[in-house]
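Just so it is clear, the structure is predicted and the values come from calculations on it, not from any experiment. Because only heavy atoms are used, hydrogens play no part in the values below, and waters and symmetry mates are left out as well, while side chains stay in.
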Amino acid sequence: MIVSGYLRRLGLAALLDAPPSADGLRALHRAHVERVPYEVLDVWLGRATPLAPGASARRIAAGRGGYCFHLNGAFHLLARTLGYDVTRHVGGVQGHDSEPGVTANHLVLTVRGLPDDGNPGGEWLVDLGLGDGLHEPIPLVAGTYRQGPFVYGLRASAVAPGGWRLDHDPRGSFLGMDFGPAATGMSAFTAMHEHLTTSSESGFVRVATVQRRDASGVDMLRGLVLTRVGQGRRSVTLDTARDYYAALADVFGLTLDDVDAGERERLFHRVRAAHETWLAASAAATPTTTPAATPATVSATVSATAPAVAPLARPAAAPSPAPSPA
């Protein structure tokens, strides 16, 4: 049964027969973002990833992660099966170099009917697919919410009438996210899913990204640069395939049991080639009168202008401070 395996992955098998509750929702959300990473490695492996929630749930139960269409899509199925009143919405993530809008580059969830002392109205914003976003659900009530080192703001959206705007912490990897009030099906994301996983303009195609949120911060792997953001920020470059795959397993819980030795070798080669292209572009863009840039400090504009290489016959660029939408 998919749900049983899914809950075992989350370490919450005991919730299979538990009634819906605000505490249960918080436990599910925390476990999901801590144990199921935001990752786009299948794009770099040349594998298609179905949009169907059942396929995403099986993928998670088998030990993999995904991006918002997979993560929130599967969680919608899980929560609904457990009896939660959960709704999907069309959203739009705003990066540091874009305008706000409900572009369908993000799937958002809300849950209602779970009042508690901190949220008497009982409606919650739930989002497992923002990488360095929420660690727990937050009340669907305008206000400011601190979770570990990050502070989020929730307010009425200026671009989605009747909808909401989540403002990220200033240190976050994106500016914010808007979503409309209407319920939607998965078909609303079909075209964007195709774009995000195949287009040379997609950040998923340009940067091999993995992220994992916990109570005290977030771990991020962009290309070969592993960064921890919490009370401070520190980065290290993973120079070898051994270090790269050890980080995937130890930091993100991705043992990649479904990836054979040949695929691992090709994946690392592609990621390293993109990293080297980024370093070359960074060096060319850095004035000789200033210290050389590092992978942790190169700006997004350098990423956008980096020469292309062709992993999987697609352009790839440097790791960027801003993640791909969704």
So Thr110 and Arg112, side chain to side chain contact (heavy atoms under 4.5 Å, CB included) or not? Walk me through it.
-> CA-CA 7 Å; Thr110 58; Arg112 62 183 179 182; over 6 Å; no
Can Leu109 and Trp124 be said to form a side chain to side chain contact (heavy atoms under 4.5 Å, CB included), step by step?
-> CA-CA 9 Å; Leu109 303 177; Trp124 303 85; over 6 Å; no
When the aromatic ring centroids of His168 and Tyr152 are compared, is their separation below 6.0 Å?
-> yes
Could you check Asp127, Leu154, Val126 and say which one makes a side-chain contact (heavy atoms from CB on, under 4.5 Å) with Ile138?
-> Leu154
Minimal non-hydrogen separation, Ser157 against Asp178, with atom names | OG-OD2, 2.7 Å
Please confirm whether the backbone N or O of Gly230 pairs with a side-chain atom of Arg171, one donor and one acceptor, at under 3.5 Å?
-> yes
Can you hop from Leu51 to Tyr38 via hydrophobic side chains spaced under 4.5 Å?
-> yes
Look at the side-chain heavy atoms of Ile, Leu, Val, Met, Phe, Trp and Tyr, link any pair under 4.5 Å apart, and say whether Val205 and Val210 land in one connected group.
-> yes
Start with the C-alpha gap between His70 and His193, add the side-chain angles, then the distance that decides, and say whether ring pair (Phe, Tyr, Trp, His ring centres under 6.0 Å) holds.
-> CA-CA 10 Å; His70 307 116; His193 178 58; 5.7 Å; yes
The side chain to side chain donor-acceptor pair (under 3.5 Å) partner of Arg59 among Asp258, Asp42, Thr49 is Asp42
Report yes or no: do Val36 and Val251 belong to one cluster of Ile/Leu/Val/Met/Phe/Trp/Tyr joined by side chain heavy-atom distances under 4.5 Å?
-> yes
Heavy-atom distance under 4.5 Å between the side chains of Phe252 and Leu226, does that happen here?
-> yes
Run the side chain to side chain contact (heavy atoms under 4.5 Å, CB included) check on Leu166 and Leu130 step by step: do they pass?
-> CA-CA 11 Å; Leu166 177 72; Leu130 285 173; 3.9 Å; yes
Thr209 and Met220: CA distance, side-chain angles, deciding distance, side chain to side chain contact (heavy atoms under 4.5 Å, CB included) verdict | CA-CA 7 Å; Thr209 300; Met220 301 183 292; over 6 Å; no
Single-linkage hydrophobic cluster, 4.5 Å side-chain cutoff, Leu248 and Ile60 together | yes
Single-linkage hydrophobic cluster Tyr84~Leu16, side-chain heavy atoms < 4.5 angstrom = yes
